[in-house]
Structures are given as structure tokens and as C-alpha cells.
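When reading the values below, keep in mind they use all heavy atoms of this one structure, side chains included, and skip hydrogens, waters and symmetry mates. Please read all numbers here as calculations on a predicted model, not as lab measurements. Note that ligands are numbered from 1 as they come in the structure, with each ligand's atoms numbered from 1 the same way.
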Amino acid sequence: MTKIEELAHSVEIGKSKLVPGLVQECLDEGYAPLEVLNKGMIDAMAVVGEKFKNNEIFVPEMLIAAKAMKKGVEVLKPLLAGDKDSKIGKMIMGTVNGDLHDIGKNLVIMMIESTGYEVIDLGIDVPVEKFVSTVENDPEITVVGVSALLTTTMPAMRDTVAALNASPARSRFKIMVGGAPITQKFADEIGADIYTEDAASAAQAAKALAVKA
Ligand code: B1M
């Protein structure tokens with residue numbers, strides 16, 4: 001088993017104590033930080049999801065795998081976040097009402113921060129009103145990021161985007177959406193400005209917005 005396979009296996013089975021050391025060992029062996037993230041952790045979470053779907057594991061196992069991944073991400077964070085340029089913008093980001101998934105959102109925040117944005121993390125299970133009041137009360141905010149991981153919380157994303165679209169402050173911010181069940185078609189349908197598939201493309205899109213502004 002290669003070191004990165006060992007890492008992926010440890011994430012899958014939720015070995016929180018082993019994972020940070022294995023991430024470091026992968027880096028020491030010359031794996032690039034993004035490769036460690038993608039092959040050693042994100043792919044492992046996909047396996048976890050598959051096993052959950054097939055009733056081979058249950059919510060507690062999914063939770064401990066998530067905790068293990070978070071520990072690993074902490075080691076990678078300084079490497080992936082890079083040196084921040086001067087501040088290029090300010091945005092908020094949250095996972096929609098009813099949805100507790102935050103690993104993807106946190107990665108998106110980390111990558112966007114690396115471009116120079118100040119990102120206010122609204123957290124998980126964020127009520128529609130919280131997105132709206134936060135952006136309305138801070139004129140510096142030019143982007144609102146909305147994440148959803150469940151097909152059952154896609155309606156909450158629709159509601160959030162609808163409320164943001166109805167805001168009197170709408171002309172000064174863009175709405176970015178993403179998350180595993182979200183598609184460009186859905187983003188267009190609900191009136192979001194930007195859909196991106198992963199953290200790296202979300203960061204590119206946010207940076208492009210700041211350049212245009
Ligand atoms: Co949940 N869960 N979960 N879960 N969980 C999924 C999402 C699921 C696909 C598993 C499965 O069945 N195969 C499934 C959803 C099925 C569906 O909706 N069709 C599911 C389910 C069913 C559930 C529960 C309902 C289970 C239950 O209780 N019966 C429950 C719901 C709780 C709730 O939210 N109300 C639940 C609970 C949990 C845990 C709490 C145990 C845990 C989350 C812990 C945490 O996040 N702190 C958990 C986990 C870990 C998963 C899986 C295994 C992994 C998710 C993850 O972190 N992936 C997941 C299976 C899977 O994803 N294949 C699953 C890694 C992460 C890096 O990817 O989040 O997709 P992701 O983020 C990506 C992109 O989506 C994108 O960029 C990120 C980085 O590249 N992205 C954006 C995300 N947000 C973005 C925003 C953007 C742009 C891009 O712009 C703003």
C-alpha cells in the first residue's frame with residue numbers, strides 16, 4: 001500500500017489520531033498538497049459516502065471519517081492557503097438551513113481566502129434571514145456563497161437565493177452557489193449568478209469577480 005493509500009484508508013475508517021501524521025508523511029514523500037487533499041482525503045470521503053449508501057456503514061462512521069478528514073486538512077491548510085495578497089474583497093459563506101455538511105464549504109473558504117478575500121463564515125444550518133441581514137448590514141460584502149450537500153436542502157438553497165435576489169442591496173453583491181447535488185442548470189433556475197463545481201474553481205471565480213469590480 002502506498003502512503004497516500006494508507007492515508008485514504010485511515011480517513012475512511014476515521015483514524016483521527018493517525019491522519020495528521022500520514023498527511024505529513026505524504027508531503028515528505030513528495031506528494032503535492034492538492035494531491036494529498038484530493039487522493040488522500042476527498043476520494044476517501046466519496047468511498048465513505050458510497051459505503052453509507054450501500055448500508056455498509058452508518059452515520060456515526062460517516063461522522064468519524066469527517067473528523068479524521070478535518071484533522072488532515074489542518075495540516076494542509078498553511079500549504080493550500082498560500083500567502084495572502086492584499087485584501088481584494090469581502091464575502092460571506094454558509095451552508096443552507098437544515099444542512100450540517102461543512103467540509104466542502106470550509107475548503108471553498110480556505111481557497112477563496114488564499115486569493116485575498118476576507119471571508120465571514122456563517123457556519124452550517126444557516127437561516128435565510130441570516131444570509132440576507134449579514135449582507136445588507138455590511139456594504140463591503142460583494143459576494144455571498146451558499147453551499148448545500150443534500151438533495152433535500154436544495155429547496156433551502158432556492159429560498160435563500162430568492163430572498164437574496166429580493167434584497168434592496170442586490171445590485172452590489174453576486175451570489176455563488178455550489179455543493180455536490182448542485183448543477184449549473186439548477187443555479188440558473190434559482191437565479192444564482194455563479195455555479196462552481198469545486199473549491200479551486202470557486203476561488204478562481206471569486207478572484208475574477210474582484211478583478212472585474
Ligand atoms: Co452526509 N450525506 N448526511 N454526512 N455525507 C452525503 C452528502 C451523501 C451523498 C452520502 C450518501 O448517501 N452517499 C448523502 C446525501 C444524499 C442526497 O442528498 N442525495 C448524505 C446523507 C443522506 C446524510 C444524512 C441525511 C444521513 C442521515 O442522517 N441519515 C445526514 C444529514 C444531516 C444534515 O445535514 N441535516 C448526513 C450527515 C452527515 C455527517 C454529519 C455524518 C457528515 C458531515 C460532517 C461534516 O461535514 N462536518 C456527513 C458526511 C461526511 C457525508 C459524506 C460522506 C462526505 C461529505 C464531504 O465532506 N465530502 C457525503 C458523501 C459524499 O460526498 N460523497 C455525504 C468531501 C467534501 C470536500 O466534498 O462537500 O462535496 P463536498 O464539497 C466540494 C464540492 O461539493 C464543492 O467544493 C467542495 C470542495 O471541492 N462545494 C462548493 C461545496 N460547497 C460549495 C460552495 C461553492 C462552490 C463549491 O460556492 C459557494
Please confirm whether the backbone N or O of [Y] pairs with a side-chain atom of [X], one donor and one acceptor, at under 3.5 Å?
X      : Y      : answer
Asp138 : Thr134 : no
Thr142 : Phe173 : no
Tyr195 : Met176 : no
Arg158 : Glu189 : no

Could you tabulate the donor-acceptor pairs under 3.5 Å formed by side-chain atoms of residues 43-60, not counting sequence neighbours?
unit_1	atom_1	unit_2	atom_2	d
Lys51	NZ	Glu12	OE1	3.4
Asn54	ND2	Glu50	O	3.2

Is the shortest distance from a Lys or Arg side-chain nitrogen in [X] or [Y] to a carboxylate oxygen in the other one below 4.0 Å?
X      : Y      : value
Glu140 : Lys87  : yes
Lys3   : Asp28  : no
Lys130 : Asp125 : no
Lys39  : Glu5   : no

Heavy-atom pairs closer than 4.0 Å: do any link ligand 1 to the side chain of [X], the backbone, both, or neither?
X      : value
Val177 : backbone
Leu107 : side chain
Val108 : side chain
Val146 : backbone
Glu197 : backbone

task: Name all residues meeting the side-chain hydrogen bond (donor to acceptor under 3.5 Å, both in side chains) criterion together with Lys67; count only those two or more places apart in sequence or in a different chain, and write none if there are none.
output: none

message: Taking side-chain hydrogen bond (donor to acceptor under 3.5 Å, both in side chains) as the definition, give me every residue that meets it alongside Thr153, ordered by chain and number, with sequence neighbours left out.
response: Asp99

- prompt: Any link between Ile194 and Ile88 through a network of hydrophobic side chains (Ile, Leu, Val, Met, Phe, Trp, Tyr) touching at under 4.5 Å?
  reply: yes

Measure the distances from the heavy atoms of [X] to every atom of ligand 1 and state whether one is below 4.0 angstrom.
X      : answer
Pro181 : no
Met93  : yes
Lys67  : no

Taking N or O atoms only and a 3.5 Å limit, does [X] qualify as a polar contact for ligand 1?
X      : answer
Asp102 : yes
Thr151 : yes
Ser147 : yes

Verify [atom]: protein non-hydrogen atom under 4.0 angstrom away:
atom                    : value
atom 9 (C) of ligand 1  : no
atom 24 (C) of ligand 1 : no
atom 60 (C) of ligand 1 : yes
atom 38 (C) of ligand 1 : yes
atom 82 (C) of ligand 1 : yes

Could you find the nearest protein heavy atom to [atom] and give me its residue, atom name and distance?
atom                    : result
atom 50 (C) of ligand 1 : Met45 CE, 3.4 Å
atom 75 (O) of ligand 1 : Ala180 N, 3.2 Å
atom 89 (C) of ligand 1 : Thr196 O, 3.5 Å

- prompt: What protein N/O/S atoms are found closer than 2.8 Å to atom 1 (Co) of ligand 1?
  reply: His101 NE2

message: Nearest non-hydrogen contact with atom 71 (P) of ligand 1 belongs to which option: Ala192, Ala205, Gly104, Gly94?
response: Gly104

